Amino acid sequence: MIVDIRVLRRDFPTLAQIVNGHPLVYLDNAATTQKPQPVLDALNHYYRDTNANVHRASHALSGQATRAFEQAREKVARFIHAPSPSEIIWTRGTTEAINLVAFGFGRHFLQQDDEILVSTSEHHANIVPWQQVAAATGAVLKIIPLSGSAELDLAAAERLITPRTRLLAIGHVSNALGQVNPVAELIAMAKAVGAVTLVDGAQAVGHFPVDVQALGCDFYAFSGHKMFAPTGIGVLYGKTEWLEKMPPWQTGGEMIKTVSLEHTTFAEPPFKFEAGTPNIAGAIALGAAVDYLQGLDRAALQRHEHGLLTQLLNGLTAMDDIRVIGRPQAGSVSFVMDEVHPQDLATLLDMQGIAVRTGHHCAMPLMQALGLKNGTVRASLAFYNTEDDVAALLAGIDKARELL
Amino acid sequence: MTHPFGTEITDTEIRALFAAAQGWEARYKQLIKLARQLPPMADESRVDANAIHGCESQAWLVGECGQDGRWQFHCDSDARIVKGLMAVVLAALSNKTSAEIAAFDMDAYFEELQLLSHLSPSRGNGLRAVVSAIKAKAGS
């Protein structure tokens, strides 16, 4: 199937804007993606037509809302090939999903001298919660270093995974450099020593299909807004055996079985982990985003995105004063320009309607390891970007160079 | 702490420069030119105690009040456009009394210069933080 991206872009009203007098070139998709009309319609439909709380009332609207909410859970389970919808927990996003595991697993099942393994290239959301767990339990945080090419050092990882390793928490795709980590290999190594595994999939799910059973991870976390759904909704996939063992991390309504003034028993997973009124509209709209993606030829979109990545990398490497950091494979491309502060470059791109991100991209340890004091400029792609977007960025860099 | 902003180059000159600048490219060229006219801050001043937080780039501010009741400020940043914007701020607020600094309408000034987006709190370059820090120093 040949995908006509120009037609597909019409599904995303935000992309048709004029910014600073220029047609918007949106290349900040790693921060958040734009939303297609079916996702916007799902939000609108919920609030207009079926607004009611879920799992509580016996009236018709609540029944409709509950059905849509639980159907969305089933859609997400199928989307990542989870064995059961009861292994899908709604969270606010990737960060809350990781914090849920840090609390429910980390604080309750780790103890003094247990080892937690993360990598240098992690987003802060997959470092800071583990630092806190280590501080609270006496567990030790170990870091998989980078190899010379800024990729994760697999040989070092092999040495670092020992019988003391209780948890491996690893990003599927680096948000700063767009590198795809060898998660399947790492999970296999960790499982061989009996460690639990968590994958931060925030930068993966919007770019290629993910199969949690094929990966064999215990937990997989991602956000809706980086895969064309709204902000404030995300997912933690967790294997039933862990979800049953882990205590709830927030308590209150919705997550209980029975409450007396003396004692409470908790609901079964996933409800045990969903205290309070959830983001019902967000969950339903995430279901709509899954439907939207699955209605497209994802393999064709992946090829298109890969073509854009190649065009971008070729264009950047042809510039003598530009240095691409690492080996980008999905989504993000980070680069620096000789003698130019990333923020100056980004400001001048913004004036040309080109949206990119600058700075440390919430991966300060990575930037330190790479000696990038001022961070990088990051252009991050989605399938709705075009060859023209990439050409505009490259021309925008030339224009900025003239001005600087 | 000597530089021309607030003395030789005041907000009146800045307004004239930007009124003559046609289009965004001319305005940003002007900012980069102004950045060059603001001498770098001494290394001993570029320390954490003088750092302005809320900047994607690094930024520093020092200031002292002379016996004449006029404040002298100096800023620096490792990003050129931010430094140019700081020069624009210094032209307006350096060599002024506390009362003059408090009375200065920075939003209106930046709007006139067509640089208002840089004062947005979400912009990340911390220019608003620089302006607040100057106003706080002069107000204390």
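Computed from a predicted model, the values in this text were never measured in an experiment. Throughout, protein chains are lettered first and strands after them, A, B, ... in sequence-line order, and every chain is numbered starting at 1.
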Checklist entry - CZ of Arg46(B): more than 12 outside heavy atoms within 6.0 angstrom? => result yes
Next on the checklist: For Asp48(B), I'd like to know if atom CG has over 12 heavy atoms of other residues, nucleotides or ligands within 6.0 Å.
Outcome noted: no
Item to check | Residue-level interface, residues 362-381 of chain A with chain B, non-hydrogen cut-off under 4.5 Å | outcome: Lys373(A), Asn374(A)
Checklist entry - Taking C-beta and beyond as the side chain, do Tyr28(B) and Leu348(A) meet within less than 4.5 Å on heavy atoms? => result yes
Next on the checklist: For the CZ atom on Arg27(B), are there more than 12 heavy atoms of other groups (residues, nucleotides or ligands in this structure) within a distance under 6.0 Å?
Outcome noted: yes
Next on the checklist: Any heavy-atom pair between the side chains of Ile81(B) and His341(A) that's under 4.5 Å?
Outcome noted: no
Checklist entry - If you check every heavy atom in residues 11-23 of chain B against those of chain A, which residues fall under 4.5 Å? => result none
Checklist entry - Do Asp350(A) and Trp24(B) have side chains that get closer than 4.5 Å, going by heavy atoms? => result no
Checklist entry - Quick check: are there more than 12 heavy atoms from other residues, nucleotides or ligands sitting under 6.0 Å from CG of Asp105(B)? => result yes
Checklist entry - What parts of residues 29-38 of chain B touch chain A if we use heavy atoms and a cut-off under 4.5 Å? => result Lys29(B), Ile32(B), Arg36(B)
Checklist entry - For chain B, which residues from residues 324-340 of chain A lie under 4.5 Å away (heavy-atom distances)? => result Glu339(A), Val340(A)
Checklist entry - Is the shortest heavy-atom distance from the side chain of Glu402(A) to the side chain of Glu25(B) under 4.5 Å? => result no
